[in-house]
Amino acid sequence: MDTRYEKVDGTSPQYRLALAVLGGLAVAGFACTWWVSQQGLWRTGMNLRVPWGLQIVMAIYYIGLSAGSLVISGLSGVFGRAEYKPFARIAVYAAMLLLVAALLSIAMDQGRIDRFFVQPFVHTNPLSLFSINPALYVSYILICMVYLWALLTERNRLVGGLAALALGWAIAVHSGTGAIFGFNARALYESPLLPASFVIAAIASGTALMIVLIVALFRLTRRRVDDDLVLGLGRILRVCLLAVFYLLVVDNAFRLYLVGEREAGLYYLFQGVHGAMFWGGLVLLACCLPLVLLFAPRTRRSVRWVVFASVLVICGILCERYVIVVPGLTRPADLFPGMQVIGMQSQEGIVGYSISFVEIVQALGVLSLIGFLFLLGLKALKLMPTEARIDLPLVSVALPEYASDGSARGQVDPARRASLPTGGFHGR
Amino acid sequence: MNRREFLKTTGGVVLLGGSCAYAVRLLTATTPVPPAAAPAGAATAPSSTRRWGMVIDLNRCRPDCTACLDACSRENNVVPVGDARWDVHWIRKVTVHDPSGRSRDKHVLLLCNQCDEPPCAQVCPVQATYKRDDGIVIVDPHRCIGCRYCMIACPYDARMFSFKESDAWPNKDLPRRSHGVAEACTFCAHRLDRSEKPACVEACERLNVGALMVGDLNDPDSNVSRAIADNSVKRLREDLGTEPKVWYVGL
Ligand code: SF4
């Protein structure tokens, strides 16, 4: 039996309600953005010293989630893990929408949105990472579209190649995005590690998102997914988290060890809202707790706990994105090392920044819009398999040599394979 | 060829052609070039034989004087909006205090350093920021998309952004500044082009203080070249290789 894909009915009152709520929030977000564009960006609470705020945080968050989702979709096509093929369609679709969300967040954040869609293409500056990256983003979305089309039409020969291309592209896109921050002569930004740690954190957050999304969608539509598939994703997640944690230690050790960087390093770790986000969000939520849950023998075999760990990672990586953007800005440029700088009328020294209500409405607008499109996609396209079982004789035509292998690997002790209606997590 | 195949082939060709054309554009585009037209009212076009630089003598600058700041604000229509978070200062004055108490407080003027290797221009995605032939770094307010990447890249916190518009319009010779674009000190390029001194320099000279001077770095006998040669001068963050063109005496 081959995996069959079916559209979601989309006739239930819950589905309609979700569409209505998401649509409403999206309209509110875009109305708010229009108002800000008329009034000036000061309405967002960003200021001369902290010119990048929540929208940029969200943009790089979406970009990260997108990379991770794409990795999941590539598991079958590129890494020969045929048992994950049933998730490929949904993962590519999510990856594509998430990158659209990132582009929208960036667009909303411009001082002159009207020029944003024209000037970068007319007056491209090849030296600017802000020119290189949008070109990568747009082409990435196009590749995802073609890849999704190939998956939907079962053009299995194309799928393998496209999966590899998309994956390579994703790594370029996300390293490039990390470089926007890392390649700056600004303490707390400047770091050659950033593109790498950016990609790894991205894959972790995207894998976590896929775990939550897959379990939620399959439960809500009463479809069957084998626990072992979800637990397998959990094992991928924990490897990524170990790498995230390692890079985090190296990065901070570097700053604390060098005398010239120490003051900035301590500021990063122990001051302000970002200090709390670092310890509470990045260290605790994104690394320590999930790692414990994903390694402890009792919890790592429970879908419920793996999903919980994934939710923690999704929240924690959002904090990670915040500490990439904000602390490097609230701290002043190092013009007079060791001195205290006091302004007459201007803001000098360390300044404050807090996320404003307006920014939240804008961000929710983007999030709701892609949520809306995601739900529509589930109804319009055959994205979800009727069931995802590990022991199906999956025929991965993309990589035929793996076909027998895939089913062989699928031989799992039936006792370990919990059956759906009893074992597990119920939607939200 | 049936219709489906035809559509597929044409679609593919168009996609491929489009991306190739874009890639070629990316690869062949040159580094930031100034737009052809000189600023309105320019008497002389920016010349490549001159290279403007500034010397600030902190020993002469009076701690509580703000004449240059006020002159800049009036000349360039950079009027405060009444909130330090969004008050743009093309030139600003800060007190540098030594917490160890080993040196006395210094009062330092900060402004765009007109870097010879400007990171702000390097990162501008639309080439709205560019370096003129005479070395002045300018933002084209009609091209800037307001992404604020230049503010991130400037290691001197000298890049400003018009977050909030002010109604005041003291100098009707220059356009009002609109919100949503990046900006910074231009060394009063519009005045230099008609052989006048920048507003801040003029204001300081009017007080007979003479802490500020602007001149041609290419001319070894110019005021700035001599001041740099005769004094012990410093530039900010020379280690970064941005080659700033503002020199400080007494820093
Ligand atoms: S000081 Fe800042 S704004 Fe001025 S040229 Fe240098 S990088 Fe650009």
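Every heavy atom of this structure was used, including side-chain atoms; hydrogens, water molecules and symmetry mates were not.
In terms of heavy-atom pairs under 4.5 angstrom with chain B, the leader among A:Phe183, A:Trp52, A:Phe336 is A:Trp52. In terms of heavy-atom pairs under 4.5 Å with chain A, the best-connected choice from B:Cys144, B:Gly146, B:Pro125 is B:Pro125. The candidate from B:Pro155, B:Cys147, B:Ala182 with the greatest count of non-hydrogen atom pairs under 4.5 Å with chain A is B:Cys147. Contact tally against chain A (heavy-atom pairs below 4.5 Å) for B:Val94, B:Leu251, B:Val126: the top residue is B:Val126. By number of non-hydrogen pairs under 4.5 angstrom with chain A, the leading residue of B:His179, B:Arg148, B:His97, B:Met160 is B:Arg148. Note on B:Ser162, B:Cys124, B:Ala153: by heavy-atom pairs under 4.5 Å with chain A, the leading option is B:Cys124. The candidate from B:Val181, B:Leu110, B:Leu236, B:Asp98 with the greatest count of non-hydrogen atom pairs under 4.5 Å with chain A is B:Asp98.
Here OG of A:Ser346 is found 9.0 Å from CG of B:Leu69. Values are rounded to the nearest 0.5 Å. Atom CD in B:Gln122 sits 6.0 Å away from atom CG in A:Leu127 (nearest 0.5 Å). In this structure, the separation between CE on B:Met151 and CG on A:Leu329 is 9.0 Å, given to the nearest 0.5 Å. Here B:His89 contributes atom NE2 and A:Met344 contributes atom CE; the two are 10.5 Å apart, rounded to the nearest 0.5 Å.
Between the A:Arg186 side chain and the B:Ile152 main chain, a donor and an acceptor come within less than 3.5 Å of each other. Formation of a donor-acceptor pair under 3.5 Å by the B:Asp157 side chain with backbone atoms of A:Pro332 is not found in this model.
Closest approach of A:Met339 and B:Val96 over heavy atoms only: CB-CG1, 3.5 Å. Shortest non-hydrogen contact noted between A:Gln119 and B:His142 is NE2-O, 3.6 Å. For B:Ile145 against A:Gln110, the heavy-atom pair with the smallest separation is O-CB, 3.5 Å. The shortest non-hydrogen separation linking A:Leu48 to B:Asp87 is CD1-O, 3.1 Å.
For A:Ile56, no part lies under 4.5 angstrom from a heavy atom of chain B. For A:Phe116, the parts lying under 4.5 angstrom from a heavy atom of chain B are both the backbone and the side chain. Within the 4.5 angstrom heavy-atom criterion, atoms from both the backbone and the side chain of A:Asp334 approach chain B. Heavy atoms closer than 4.5 Å to chain B are found in the side chain of A:Glu348, but not in its backbone. Residue A:Phe181 does not touch chain B at all, counting heavy-atom pairs closer than 4.5 Å. There is no contact between A:Thr44 and chain B, counting heavy-atom distances below 4.5 Å. Only the side chain of B:Val108 comes within contact range of chain A, judged by heavy atoms closer than 4.5 Å. For A:Glu190, no part sits under 4.5 Å from any heavy atom of chain B, backbone or side chain. With a 4.5 Å cut-off on non-hydrogen atoms, A:Asn184 touches chain B through its side chain but not through its backbone. Of the two parts of A:Ser139, neither the backbone nor the side chain holds a non-hydrogen atom closer than 4.5 Å to a non-hydrogen atom of chain B. Neither the backbone nor the side chain of B:Ser100 has a heavy atom closer than 4.5 Å to any heavy atom of chain A.
The number of heavy atoms from other shown groups lying within 6.0 Å of CH2 (A:Trp169) does not exceed 12. For A:Trp34, the CH2 atom is loosely surrounded, since the number of other residues' heavy atoms within 6.0 Å does not exceed 12.
Considering only heavy atoms from C-beta on, A:Asn47 stays 4.5 Å or farther from B:Phe161 through its side chain.
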Q | Derivation and outcome, side chain to side chain contact (heavy atoms under 4.5 Å, CB included), residues A:Leu335 and B:Tyr156 | A | CA-CA 7 Å; A:Leu335 296 183; B:Tyr156 301 98; 3.6 Å; yes
Q.
Apply side chain to side chain contact (heavy atoms under 4.5 Å, CB included) to residues A:Gln345 and B:Lys93 and explain how you reach the verdict.
A. CA-CA 8 Å; A:Gln345 314 104 325; B:Lys93 201 169 195 174; 5.7 Å; no
Q) Run the side chain to side chain contact (heavy atoms under 4.5 Å, CB included) check on B:Arg85 and A:Gln347 step by step: do they pass? A) CA-CA 7 Å; B:Arg85 285 177 292 172; A:Gln347 309 181 93; 3.6 Å; yes
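Using a 30° and 60° split on the angle between ring planes, B:Trp86 and A:Trp42 fall in the perpendicular class, above 60°.
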